[in-house]
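To keep things clear, I will list the structure first and then write my remarks on it.
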2 protein chains.
Amino acid sequence: MKLDIIQKLKEHDLKVTPQRLTILDTLNRYGHASIDEIYKEVKKVHLSISLATVYKNITSLLQVKLIKELALNEAKSKYEIIKEPHSHLICKKCGSIEDINLSEQIEQNASKLASAKEFAAEETELNIYGLCKNCKQNN
Amino acid sequence: MKLDIIQKLKEHDLKVTPQRLTILDTLNRYGHASIDEIYKEVKKVHLSISLATVYKNITSLLQVKLIKELALNEAKSKYEIIKEPHSHLICKKCGSIEDINLSEQIEQNASKLASAKEFAAEETELNIYGLCKNCKQNN
DNA sequence: TAATTATTTGATAACTATTATCAACATGCT
DNA sequence: AGCATGTTGATAATAGTTATCAAATAATTA
Ligand SMILES: [Mn+2]
Ligand SMILES: [Mn+2]
Ligand SMILES: [Zn+2]
Ligand SMILES: [Zn+2]
């Protein structure tokens, strides 16, 4: 398991438990996953894990900013491990989410718009909804 | 009440009820409002309105695309009447939401990024989280 | 305007999602 | 190994959303 993750957990007095690591591993493999997806996946490894444990971990990991929430229109939130800022292509049909690199231009442009309103921008979120390559074809 | 709204309701066999109009009026006045905010506000006019009625109306209005959902990170969704595409400045402290015009540049740039992945973009959503003018000062 | 039909409303039950509680247990430290 | 503290799993408690249905209302027609 990644050193920097364990590092960050310890920094915030979060213990390195097998359940927690499996949740993080699931997020790594899925890229983006909902509570239910995480729960089902982690159960394959920890047969008796409680759904409450998943919720509690997600909350802790959000607090220490190891993961972030992805609130979606007309669907349940997904979660992802925080890495470089990026944007999302979200398929309205199959729900798949693909990362794309947020161009510098867009980010600069956005913070310019924000500061014009005397708003202190901290985070820019760009989501593009539509149909993914696959769903576009099999329609 | 706006003609085009009534028009659109009738087009979709949605009856023009006082409750429905008050919900739309609340959204107009608030700009962006959550279910609870709408419920509390509409109750001032229709003392006995049921929360279920608010939910049912929001669902109907979403379906006919008179309103849209605004899914937020770590907060309940807000709803707004659909008008020209625009972006949002979302204050992490007080929760206020301000509309800003999404620049043409950003939109073009976004759909370029999308089509490079063979993704059929339909809607671009840009949210900027941070501190609003007010909260930035009184900190 | 009265009758007819379809939709909506309000009350509330049912269901789903999330959080709180707590004793047993595991982790990290000395 | 022993201690302190955080975590887990079970489950109760809350909160949020959807389903049900009879009564009421809106729209249409005669
Ligand atoms: Mn991502
Ligand atoms: Mn808006
Ligand atoms: Zn798809
Ligand atoms: Zn603010």
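Each chain gets a letter, A, B and so on, in the order the sequences are listed, and its residues count up from 1.
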Quiz item: Which whole-number value in Å describes the distance from A:L9 CG to D:dT7 C1'?
Solution: 13 Å

Quiz item: Just by distance, do the side chain of B:R20 and the backbone of B:N57 share a donor-acceptor pair under 3.5 Å?
Solution: no

Please list, pair by pair, any protein nitrogen or oxygen found under 3.5 Å from a nitrogen or oxygen in nucleotides 19-27 of chain C.
unit_1, atom_1, unit_2, atom_2, d
C:dT27, O2, A:K15, NZ, 2.9

Quiz prompt | Rounded interatomic separation in angstrom, taking CD1 from B:I38 and C1' from C:dT9 | solution = 17 Å

Practice problem: Quick one: list whatever passes side chain to side chain donor-acceptor pair (under 3.5 Å) with A:S77, sequence neighbours left out. | Solution: A:E69

Quiz item: So, does B:K136 use its side chain to make a donor-acceptor pair with the main chain of A:E118 at under 3.5 Å?
Solution: yes

Quiz prompt | Short N-O contact, A:K92 and A:E74, less than 4.0 angstrom | solution = no

Practice problem: Using atom CG of B:L21 as one end and atom P of D:dA26 as the other, report the distance to the nearest whole Å. | Solution: 10 Å

Quiz item: Does the side-chain contact (heavy atoms from CB on, under 4.5 Å) test come out yes or no for B:L51 and B:I35, once each step is laid out?
Solution: CA-CA 9 Å; B:L51 179 55; B:I35 295 283; 3.9 Å; yes

Exercise. Take A:E41 and A:Y30, measure what side chain to side chain donor-acceptor pair (under 3.5 Å) needs, and give me the verdict at the end.
Key: CA-CA 10 Å; A:E41 196 59 25; A:Y30 272 62; 2.9 Å; yes

Quiz item: Hey, does the side chain of B:S50 come within less than 4.0 Å of C:dT9's phosphate (OP1/OP2), counting only N and O?
Solution: no

Practice problem: Return the residues of residues 60-78 of chain A meeting this criterion: a heavy atom under 4.0 Å from some atom of DNA chain D. Order them by number, or give none. | Solution: none

Quiz item: For the pair made of OH in A:Y79 and P in C:dT18, what is the distance, rounded to whole Å?
Solution: 7 Å

Exercise. Identify the heavy atoms of B:V64 and B:K8 that sit nearest to each other, and give their distance.
Key: O-CE, 3.4 Å

Quiz prompt | Gap between atom CD of B:Q7 and atom NE2 of B:H12 - 0.5 Å precision | solution = 10.5 Å

Quiz item: Which listed nucleotide (D:dG9, D:dA27, C:dG28) is nearest to the side chain of A:K10?
Solution: C:dG28

Quiz item: Between D:dA26 atom P and B:H46 atom NE2, what is the distance in whole Å?
Solution: 10 Å

Quiz item: Checking all strands, does B:I35 fall into the base, sugar-phosphate, or nothing category for heavy-atom contacts under 4.0 angstrom?
Solution: nothing

Practice problem: Nearest whole angstrom, please: distance from the P of D:dG16 to the CD1 of B:I58. | Solution: 16 Å

Exercise. Could you tell me whether the phosphate oxygens of D:dT25, OP1 or OP2, come under 4.0 Å of any side-chain nitrogen or oxygen in B:Q19?
Key: no

Practice problem: Calculate the interatomic distance between B:Y39 atom OH and D:dT18 atom P; express it in whole Å. | Solution: 16 Å

Practice problem: Starting at atom CG of B:L24, determine the distance to atom C1' of C:dT8, rounded to an integer number of angstrom. | Solution: 15 Å

Exercise. Step by step, work out the side chain to side chain donor-acceptor pair (under 3.5 Å) result for A:N73 and B:E125.
Key: CA-CA 10 Å; A:N73 291 339; B:E125 175 182 87; 3.1 Å; yes

